[in-house]
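Below, each value reflects all heavy atoms present in this structure, side chains not excepted, and no hydrogens, waters or symmetry copies. Protein chains get the first letters and strands the later ones, always in sequence-line order, with residue 1 at the start of each. All values reported here derive from a predicted model rather than from experimental measurement.
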Protein chains: 2
Amino acid sequence: MDDLEIRKTGLKVTAPRIKILDLLQQRADQHLTAEDVYKLLIEEASDIGLATVYRVLTQFEGVGLVKRHHFEGGQSVFELDRGPHHDHIVCLDCGHVEEFIDEVIEKRQRSIVKEKGFTLERHALVLYTHCSRSDCPNRGD
Amino acid sequence: MDDLEIRKTGLKVTAPRIKILDLLQQRADQHLTAEDVYKLLIEEASDIGLATVYRVLTQFEGVGLVKRHHFEGGQSVFELDRGPHHDHIVCLDCGHVEEFIDEVIEKRQRSIVKEKGFTLERHALVLYTHCSRSDCPNRGD
DNA sequence: GGTAAAAACGAGAAGAATTCGCATTTGTGG
DNA sequence: CCACAAATGCGAATTCTTCTCGTTTTTACC
Ligand SMILES: [Mn+2]
Ligand SMILES: [Mn+2]
Ligand SMILES: [Zn+2]
Ligand SMILES: [Zn+2]
């Protein structure tokens, strides 16, 4: 189970934490809002509170288990932190999220900051696009 | 004055709109929240409502007079749209915002999206740093 | 295994940022 | 100037997230 992953972080192993981490692992390719997580857990008959979902996701972020992103518009989205950094492409029409890594961009960012004598802590890069996937409602605009 | 700029957009020339555009022009180098704008106008004895500030900034964004950015944390920030695109460096310690343009990154973004057959509408790139300016409270961390 | 202290939970209230609804005022084209 | 659509200011409403607090769980230790 996920007990170990959670225990390793120093957090207590509780039912909500196990369920949330489980869900994120099963959907490691997705980017979910706290409400998404909450509703999915409710659907599978888990008795959990929305506040707990927010709390746990924030804690998981703190210990490096999940990453939080602020895309344009409302809610924050969360995803399991599967190690190597990546940035995002978001479709403005269907919301589909795709990931990419570009070493040229990464390197360039570092040198821009270095030139100024600053130190880069992190960055957020999101490309807002119109995608071309067959189920996207952008056909015929 | 700003009457022309506003009139050209098709928006009515009203006192709140003139004052807001004026203020943004006087602080063309800054990145202000709606509340910043509101408070600055109140300070100079303008009778204006916060809702109007939000409304007008959103309208200005719609007609291309201002740009809105979603940096990490609370409020959106606004700045006068002075033409050429740029991205941002934000200091996590003092909030200082610096701007930059990097054609290598811009080009790379376009090709990443093109490779997937998507079309790039816009992007958001923010480098979160610790700056080295003398008035930044990051000395001694 | 039992137990006490610390930690976490769920529910609802509270907070922060933004938008909405509406009565009143203002700008504009004729 | 006038009529009327559009814009304003106010407070209420929304939306997203965090906090508070009484109750329940977890865990370290016996
Ligand atoms: Mn991702
Ligand atoms: Mn800027
Ligand atoms: Zn799409
Ligand atoms: Zn700084």
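- A donor and an acceptor atom, one from each side chain of B:Glu98 and B:His88, are nowhere located under 3.5 Å apart.
- Taking the six-membered ring where the residue is Trp, A:His69 and A:His31 present tilted rings, their angle falling between 30° and 60°.
- Judged as a side chain to side chain donor-acceptor pair (under 3.5 Å), and not counting sequence neighbours, the contacts of B:Arg68 are B:Thr58, B:Glu61.
- Cluster partners of B:Val104 are A:Val104, counting Ile, Leu, Val, Met, Phe, Trp and Tyr whose side-chain heavy atoms approach within less than 4.5 Å, directly or via other members.
- If B:Phe78 and B:Leu11 are placed on DNA chain C by their nearest nucleotide, the residue sitting closer to the 5' end is B:Phe78.
- A heavy-atom distance below 4.0 Å to DNA chain D is reached by none of the residues of residues 34-42 of chain B.
- Over its length, the helix from C:dG1-D:dC30 to C:dG30-D:dC1 turns its helix axis by 40°, as judged from the five terminal pairs at each end, rounded to 10°.
- Listed by chain and residue number, nothing satisfies the ring pair (Phe, Tyr, Trp, His ring centres under 6.0 Å) test with A:Tyr54 (two or more places apart in sequence, or in another chain).
- Residue-level contact check: B:Ser76 touches the backbone only, with heavy atoms under 4.0 Å from sugar-phosphate atoms and none from bases.
- With sequence neighbours excluded, the residues satisfying side chain to side chain donor-acceptor pair (under 3.5 Å) with B:Thr52 are B:Arg55.
- As judged by a 4.0 angstrom heavy-atom cut-off over every strand, B:Thr14 is placed among residues touching the sugar-phosphate backbone only.
- Partners of B:Arg82 by salt bridge (Lys or Arg N to Asp or Glu O under 4.0 Å), not counting sequence neighbours, listed by chain and number: B:Glu79, B:Glu99.
- B:Leu120 meets the side chain to side chain contact (heavy atoms under 4.5 Å, CB included) test with A:Leu127, A:Thr129, B:Gln109, B:Arg110, B:Val113; sequence neighbours excluded.
- A nucleotide of DNA chain D counts as in contact with chain B when one of its atoms lies under 4.0 Å from a heavy atom; the first and last such, 5' to 3', are D:dA5 to D:dG11.
- Counting 5' to 3', DNA chain C first comes under 4.0 angstrom of a heavy atom of chain A and last does so at the ends given by C:dA6 to C:dG12.
- The minimum heavy-atom distance linking A:Tyr128 with B:Ala124 is given by the pair CE1-CB, 4.3 Å.
- With sequence neighbours left out, B:Asp87 forms a side chain to side chain contact (heavy atoms under 4.5 Å, CB included) with B:His85, B:Phe100, B:Glu106, B:His123, B:Leu125.
- In this structure, B:Gly49 and B:Lys12 both approach DNA chain D, and ranking their closest nucleotides by distance from the 5' end singles out B:Lys12.
- Each of A:Ile48 and B:Tyr54 lies near DNA chain C, and the nucleotide nearest A:Ile48 is the one positioned closer to the 5' end.
- Contacts of A:Lys39 classified as side chain to side chain contact (heavy atoms under 4.5 Å, CB included), with partners at least two apart in sequence or in another chain: A:Glu35.
- When all heavy atoms of A:Ile48 and A:Pro16 are compared, the closest pair comes out as CD1-CB, 3.8 Å.
- Ionic pairing of A:Glu72 and B:Arg122 is present here: one or more N-O contacts between side-chain nitrogen and carboxylate oxygen are shorter than 4.0 angstrom.
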